[in-house]
Amino acid sequence: MSHELLTPQTPSGFAARLSKVAHAAALASTTFISSGSALADPAPVKLANQITAAVSSHTGLQVNPEVATTPVPGLFEVVVDGELVYTDSSGRYAFVGGALMDMKERKDLTAAHNEKRMSIPFDKLPLQQAIKEVRGDGSKVFAVFEDPNCPICRVFTKFVDQLDNVTVYRFMFPVISPQSQNLARMAWCSSDRAGVWKAMMQGARPQLSESCDNSGLIKILATGERFQINNTPTVVLANGKRLVGATPPEQFLEELDKSAQRGGRK
């Protein structure tokens with residue numbers, strides 16, 4: 001099986017931006033229109049006023065008073081703080097950047113579906129191929145796919161090393177560069193696999209043999225392909241939830257606690 005290098009992507013979402021309206025001025029990836037509709041006719045004035053008032057009330061953001069109809073019945077084009085969105089006639093639900101938003105509750109309704117769709121059954125991971133670390137009572141269980149050439153991974157490793165009462169399954173996941181693959185093979189073939197990998201994640205670049213049976217490493221990469229793991233670090237919690245990239249420490253700890261409360265595994 002061929003394992004091509006995967007391209008890291010930076011996760012983003014309007015849900016996070018909408019939930020932090022204080023930072024609305026910094027909204028990214030916006031589509032600007034100076035006046036009028038790019039799609040169809042203006043909406044009736046009374047309906048347009050109702051929609052703009054509702055959207056403004058729900059989001060706390062500036063709404064262009066010009067509302068346009070679209071080819072989809074009941075869906076209207078509105079510009080919110082310079083960003084083009086598509087809302088229903090109530091002004092509460094909108095498609096923003098590909099996500100369906102409840103603007104009143106400031107919830108990304110698409111995120112919940114995506115979270116379920118992107119979950120990874122923990123027992124489907126090749127745990128026997130991972131480097132297992134247990135600290136304290138080991139009650140909080142998670143796996144991490146990491147690459148020694150990933151700066152965020154190295155920061156995350158330092159954070160994980162400070163956690164207590166955890167069981168961590170570390171997967172060598174060399175997807176950033178050919179050098180990452182060389183390093184992973186060196187660590188995999190070492191008599192001290194855990195120690196060498198830990199040193200590499202801390203910046204060490206030893207020159208070691210890469211000659212051994214690396215079928216286990218290939219199995220890890222195949223698992224990444226199977227579950228569309230395209231970024232490092234990617235964390236899989238015991239409840240199957242996937243956390244990608246630079247998850248804020250407080251959010252990570254909250255999710256880890258939730259996962260443990262639902263019944264972890266060792």
Engineer: Write down the atom of Asp108, the atom of Ala99, and the distance for their closest heavy-atom approach.
Structural biologist: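 The pair with the smallest heavy-atom distance is OD1-CB, 3.6 Å.
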Engineer: I'd like to know whether Met103 forms a side-chain contact (heavy atoms from CB on, under 4.5 Å) with Val55, so could you lay out the CA-CA distance, the side-chain angles of the two residues, the decisive distance to 0.1 Å, and finally the verdict.
Structural biologist: CA-CA 7 Å; Met103 296 193 291; Val55 172; 3.8 Å; yes
Engineer: Residues two or more places apart in sequence or in another chain: which of them pass side chain to side chain contact (heavy atoms under 4.5 Å, CB included) with Thr157?
Structural biologist: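 Checked Thr157 against side chain to side chain contact (heavy atoms under 4.5 Å, CB included); matches are Glu146, Asp161, Arg170, Met201.
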Engineer: Transitively linked via ILVMFWY side-chain contacts under 4.5 Å: Phe95 with Val72?
Structural biologist: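 Yes, Phe95 and Val72 fall within the same hydrophobic cluster.
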Engineer: Would you mind reporting whether Gln181 and Glu210 have side-chain heavy atoms less than 4.5 Å apart?
Structural biologist: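 With C-beta onward as the side chain, the pair stays apart.
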Engineer: Check whether any side-chain heavy atom of Lys140 lies under 4.5 Å from a side-chain heavy atom of Asp257, and answer yes or no.
Structural biologist: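 Yes, at least one pair of side-chain atoms sits under 4.5 Å.
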Engineer: Can you measure from CZ (Arg242) to OG1 (Thr234) and round to the nearest 0.5 angstrom?
Structural biologist: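 Answer rounded to 0.5 Å: 6.5 Å.
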Engineer: Backbone N or O of Ala94 within a donor-acceptor pair of the Thr87 side chain at under 3.5 Å?
Structural biologist: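 Flag not set: sc Thr87 to bb Ala94 has no pair under 3.5 Å.
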Engineer: ring-ring contact (aromatic ring centres under 6.0 Å, His included): which pairs involve residues 213-252, sequence neighbours left out?
Structural biologist: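 Every pair satisfying ring-ring contact (aromatic ring centres under 6.0 Å, His included) with a residue in residues 213-252: Phe142-Phe252, Phe156-Phe252, Phe159-Phe252.
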Engineer: Kindly give the heavy-atom pair with the smallest separation between Gly138 and Val134, and that separation in Å.
Structural biologist: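 Shortest heavy-atom separation between Gly138 and Val134 comes out as CA-CG1, 4.0 Å.
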Engineer: Would you kindly confirm whether Leu183 and Ile152 end up in one hydrophobic cluster when ILVMFWY residues are joined by side chain heavy atoms under 4.5 Å apart?
Structural biologist: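 No, Leu183 and Ile152 fall in different hydrophobic clusters.
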Engineer: Going by heavy atoms in the side chains, are Val160 and Arg135 under 4.5 Å from each other?
Structural biologist: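 Side chain of Val160 against side chain of Arg135, heavy atoms only: contact under 4.5 Å found.
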Engineer: With sequence neighbours left out, write down each residue that passes side-chain hydrogen bond (donor to acceptor under 3.5 Å, both in side chains) with Arg92, or none if nothing qualifies.
Structural biologist: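 Only Asp102 meet the side-chain hydrogen bond (donor to acceptor under 3.5 Å, both in side chains) criterion with Arg92.
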Engineer: What residue among Ile220, Ile229, Val236, Val144 forms side chain to side chain contact (heavy atoms under 4.5 Å, CB included) with Phe171?
Structural biologist: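 Exactly one pass, corresponding to Ile220.
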Engineer: Identify whether Trp197 and Leu127 are in the same connected component of the hydrophobic contact network (ILVMFWY, side-chain heavy atoms under 4.5 Å).
Structural biologist: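 Yes; Leu127 is reachable from Trp197 via cluster members.
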Engineer: Quick check for you: to the nearest 0.5 Å, what is the distance between Asp147 atom CG and Asn231 atom CG?
Structural biologist: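 Reported to 0.5 Å precision, the distance equals 11.5 Å.
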Engineer: Compare every heavy atom of Cys189 with every heavy atom of Ser211, then report the nearest pair and how far apart it is.
Structural biologist: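 Nearest heavy atoms, Ser211 then Cys189: C-SG, 3.8 Å.
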Engineer: Are Val78 and Tyr86 packed together at the side-chain level, in the sense that at least one heavy-atom pair is separated by less than 4.5 angstrom?
Structural biologist: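 Heavy-atom side-chain distance check fails, nothing below 4.5 Å.
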Engineer: Going through the checks in order, is the side-chain contact (heavy atoms from CB on, under 4.5 Å) test met by Met172 and Ile131?
Structural biologist: CA-CA 8 Å; Met172 302 181 188; Ile131 297 172; 3.8 Å; yes
Engineer: Out of curiosity, Leu84 CG to Glu77 CD, how far, rounded to the nearest 0.5 Å?
Structural biologist: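 One finds 4.5 Å between CG of Leu84 and CD of Glu77.
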Engineer: Atom CD1 in Ile120, atom CZ in Phe145: separation rounded to 0.5 Å?
Structural biologist: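 One gets 6.0 Å once the value is rounded to the nearest 0.5 Å.
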Engineer: I need the minimum non-hydrogen distance between Glu66 and Asn64, along with the two atoms involved.
Structural biologist: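 Result for this residue pair: N-OD1, 2.9 Å.
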Engineer: Under 6.0 Å from the CD atom of Gln62, do we count more than 12 heavy atoms belonging to anything else shown?
Structural biologist: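 Result for CD/Gln62: open.
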Engineer: Apply side-chain hydrogen bond (donor to acceptor under 3.5 Å, both in side chains) to Ser215 and list each qualifying residue two or more places apart in sequence or on a separate chain.
Structural biologist: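 Once residues adjacent in sequence are excluded, the partners of Ser215 under the side-chain hydrogen bond (donor to acceptor under 3.5 Å, both in side chains) criterion are Asp213.
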Engineer: Look only at the side chain of Ser119 and the backbone of Lys116, and say whether a donor-acceptor pair between them is shorter than 3.5 Å.
Structural biologist: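 The answer is yes, because a donor-acceptor pair under 3.5 Å joins these two groups.
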Engineer: Contact between Asn230 and Val175 at the side-chain level, heavy atoms closer than 4.5 Å - yes or no?
Structural biologist: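 Result no, sub-4.5 Å side-chain heavy-atom pair not found.
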Engineer: Determine whether more than 12 heavy atoms belonging to other residues, nucleotides or ligands lie under 6.0 Å from atom NZ of Lys198.
Structural biologist: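 It does: Lys198 NZ has more than 12 such atoms within range.
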Engineer: Would a 4.5 Å heavy-atom cut-off, applied to side chains only, mark Met186 and Gln207 as touching?
Structural biologist: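 Counting from C-beta outward, Met186 and Gln207 do come under 4.5 Å.
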Engineer: Please check: side-chain N/O of Ser56 versus main-chain N/O of Val63, any donor-acceptor pairing under 3.5 Å?
Structural biologist: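 No, because the side chain of Ser56 does not come within donor-acceptor range (under 3.5 Å) of the backbone of Val63.
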Engineer: Hey, could you give me the CG/CG distance between Leu256 and Asn239, rounded to the nearest 0.5 Å?
Structural biologist: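 If I round to the nearest 0.5 Å, the distance is 9.5 Å.
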Engineer: Side chain of Ser89, backbone of Gly74: donor and acceptor closer than 3.5 Å?
Structural biologist: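 Side chain of Ser89 to backbone of Gly74, a donor-acceptor pair under 3.5 Å: no, none is there.
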Engineer: Rounded to the nearest 0.5 Å, how far apart are NZ of Lys219 and CG of Leu217?
Structural biologist: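 Spacing of NZ (Lys219) from CG (Leu217) equals 12.5 Å.
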Engineer: Measure the shortest side-chain to side-chain distance between Met101 and Lys107 over non-hydrogen atoms and say whether it is less than 4.5 angstrom.
Structural biologist: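 Counting from C-beta outward, Met101 and Lys107 never come under 4.5 Å.
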Engineer: What residues form a side-chain hydrogen bond (donor to acceptor under 3.5 Å, both in side chains) with Gln179, not counting sequence neighbours?
Structural biologist: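 Residues passing side-chain hydrogen bond (donor to acceptor under 3.5 Å, both in side chains) with Gln179: Asn149.
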Engineer: Could you work out, with side-chain hydrogen bond (donor to acceptor under 3.5 Å, both in side chains) as the rule, every residue matching Ser90, not counting sequence neighbours?
Structural biologist: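 Partners of Ser90 by the side-chain hydrogen bond (donor to acceptor under 3.5 Å, both in side chains) criterion, ordered by chain and then number, come out as Asp88.
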Engineer: In the structure I gave you, are the side-chain heavy atoms of Pro174 and Asn182 within less than 4.5 Å of one another anywhere?
Structural biologist: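 The answer is no; the side chains never approach within 4.5 Å.
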Engineer: Which atom pair, heavy atoms only, marks the closest approach of Leu237 to Phe122?
Structural biologist: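 It is O-CD1, 3.3 Å.
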Engineer: Which heavy atom of Trp188 sits nearest a heavy atom of Cys212, and at what distance?
Structural biologist: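 Minimum heavy-atom contact is CD1-SG, 3.8 Å.
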